[in-house]
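Working notes, structure below.
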2 protein chains.
Amino acid sequence: MNTLTRRQREFLQREQLFLDAARQILRSDGVAAFTIDRIAGNTEYAKGTVYKHFTCKEDILCALCHESLVHLGEAFSKALTFPGNSRERMMALGTAYLQFTTRFPEEFDILIAVRTNNVRQKASEKRVEAMIAADQGAHDVMRSVIGAAIAAGDLTLPTTTSLDEACFGLWAMAFGLLALAPANDVIDSLELPSIPIIMVNQMNLLLDGYGWRPLSTEFDYQQTFARLLKHMETLQ
Amino acid sequence: MNTLTRRQREFLQREQLFLDAARQILRSDGVAAFTIDRIAGNTEYAKGTVYKHFTCKEDILCALCHESLVHLGEAFSKALTFPGNSRERMMALGTAYLQFTTRFPEEFDILIAVRTNNVRQKASEKRVEAMIAADQGAHDVMRSVIGAAIAAGDLTLPTTTSLDEACFGLWAMAFGLLALAPANDVIDSLELPSIPIIMVNQMNLLLDGYGWRPLSTEFDYQQTFARLLKHMETLQ
DNA sequence: ACCTGAACACCGTTCAAGT
DNA sequence: ACCTGAACACCGTTCAAGT
């Protein structure tokens, strides 16, 4: 089954060591403290050795994002243990995303930064592709929920809208809300409720736009959200 | 009227010089070439002089974003010369945003990067606040369109949704689509139409969710979009 | 009072030398 | 064959010296 040599296994193990160290530095001391020196120091390897694994710093960022996206995909899958109708299950994904970004703000920060052309151009093609694949993995979970809704008859997409497009639209809305949220938190000139409430409200409106039944006018999704938060705690 | 001394005016003029140089470097050579050295060199000032204006590099980024957001706000205002119903005018804003990001991808890149906590913490409070104010300026244009729609009876927001929240939701959707778009362009595994088409479709669905009349089922917004693109050309 | 640019600190990246 | 870390290049930031 295991076709890798010991050498190869050890190499992969060390790579994981570097990535774990990198993530830990990021979480505890932020992006500013995120240097190759620290990664090497914390793992007791030389700087040069880090470059045996990654072509450049941006490559490490992409590798971290790859893992973060895998984690997010797993969180999505876990969130689907929540019992409910198809639309409540979509809300479960939104809640998992919200929770991920609030629990790991630094990781969400690099998920944002990695959208930049600058980062994507510097990183190796290999890493960027792996990252995109992990992104797809999380998308797939979302796609399955949309597919189930269609199968259950809760959702009928307009003929002009493919399942992939609906998935992308929902993802973009969630990403946009979460990426713009912190900045708007600060502004008191705006009459805005807390981010979770905005998220629920806006998701409801968008899903109403899709005609995803039961509509928000026919069902109490605020209560679903409250139940979701409780359910998520039990998962952790 | 002019309460500034010559000194102060010259100082502001030089600041503008630096910002113009910075923007030009960004547009022509990208984020990677964006260094204090080049800004100083291109303007024939010393590096130290740049620091008389900006506390750090991130401060310059925020100043650039400030300007970009002002430009975007102006583009929004111009877009409102488009004649049409209230919802078509909201589409005009979306089209202006789309056009801005495609015309100036590097500037949109820093608008994304500036969302990161890292940048906001390093930049001076003054710049960040000015940037947020410019953001509000663009929001205000959008708010006026939503307000007009309500006044015209085309839109009735749910009691749970404030005008500010609706504005934020629309903004987030547009930002999310445009920020995530380039990455998804690459993937052929997804069945996605071009970004403009996605944008129109998703905006239609969201606005349908708001119940903004005429609904996309009652009106040909594809045709509106085509007309919008032509109208925008005449503005330039 | 203001500008300068040499000097400094830091960090990403490389590669000759060592094991 | 692989790891090391000194050395290099680059760049953001500061500040003593100059005008």
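With salt bridges taken as basic N to acidic carboxylate O contacts below 4.0 Å, none links A:Asp20 and A:Arg23.
Atoms CZ (A:Phe18) and C1' (D:dT4) sit 12 Å apart, rounded to a whole Å. The CD-C1' distance, from B:Glu44 to C:dC3, rounds to 15 Å in whole Å. Here D:dT13 presents its C1' atom at 12 Å from NZ of B:Lys122, a figure rounded to the nearest Å. The interatomic distance linking B:Tyr45 (OH) with D:dT13 (C1') rounds to 20 Å, in whole Å. For the pair A:Asp59 CG and C:dT13 C1', the computed distance is 13 Å after rounding to whole Å. Spacing between atom CD1 of A:Ile60 and atom P of C:dG12 amounts to 8 Å, rounded to whole angstrom units. In this structure, the CD atom of B:Glu58 is 9 Å from the C1' atom of D:dG12, given to the nearest Å. Atom-to-atom, CZ of A:Arg38 to C1' of C:dC10 comes out at 14 Å; the value is rounded to the nearest Å.
Side-chain proximity of B:Ile36 to the nucleotides C:dG5, D:dT4, D:dG12 is greatest for D:dG12. Here the side chain of B:Tyr51 is nearest to one of D:dT4, D:dT14, C:dT13, namely D:dT14. Distance from the side chain of A:Lys52 is smallest to D:dC3 among D:dC3, C:dC11, D:dC11. Closest to the side chain of A:Arg7, out of D:dG12, C:dT13, D:dC2, is D:dC2.
The six-membered or imidazole ring of B:Phe175 lies away from that of B:Tyr97, with a centre-to-centre distance of 6.0 Å or more. Between B:Phe100 and B:His71, the gap from one ring centroid to the other reaches at least 6.0 Å.
Residue B:Arg14 places at least one side-chain N or O under 4.0 Å from the OP1 or OP2 atom of C:dC3. A:Thr49 has a side-chain polar atom (N or O) that falls below the 4.0 Å cut-off from OP1 or OP2 of D:dT4. Phosphate proximity of C:dG5 to B:Lys47: absent, as no side-chain N or O sits under 4.0 Å from OP1 or OP2.
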#### Entry: Residues B:Arg38, B:Asp29; criterion salt bridge (Lys or Arg N to Asp or Glu O under 4.0 Å); working and verdict
CA-CA 11 Å; B:Arg38 288 234 9 214; B:Asp29 298 311; 3.1 Å; yes
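Tested against A:Pro196 for a side-chain contact (heavy atoms from CB on, under 4.5 Å), the candidates A:Asn201, A:Leu229, A:Thr102, A:Leu98 yield a single pass: A:Leu98.
Consecutive Watson-Crick or G-U pairing (both distances under 3.5 Å) extending over three or more pairs maps onto DNA chain C as C:4-8 with D:12-16, C:12-16 with D:4-8.
Side-chain contact check for B:Glu233 and B:Gln99: no donor-acceptor pair (N or O, by modelled atom type) lies under 3.5 Å. In the model, B:His66 has no side-chain atom that pairs as donor or acceptor with a side-chain atom of B:Arg127 under 3.5 Å.
Among the protein residues, B:Phe11 comes within range of no part of the nucleic acid, since none of its heavy atoms lies under 4.0 Å from any strand.
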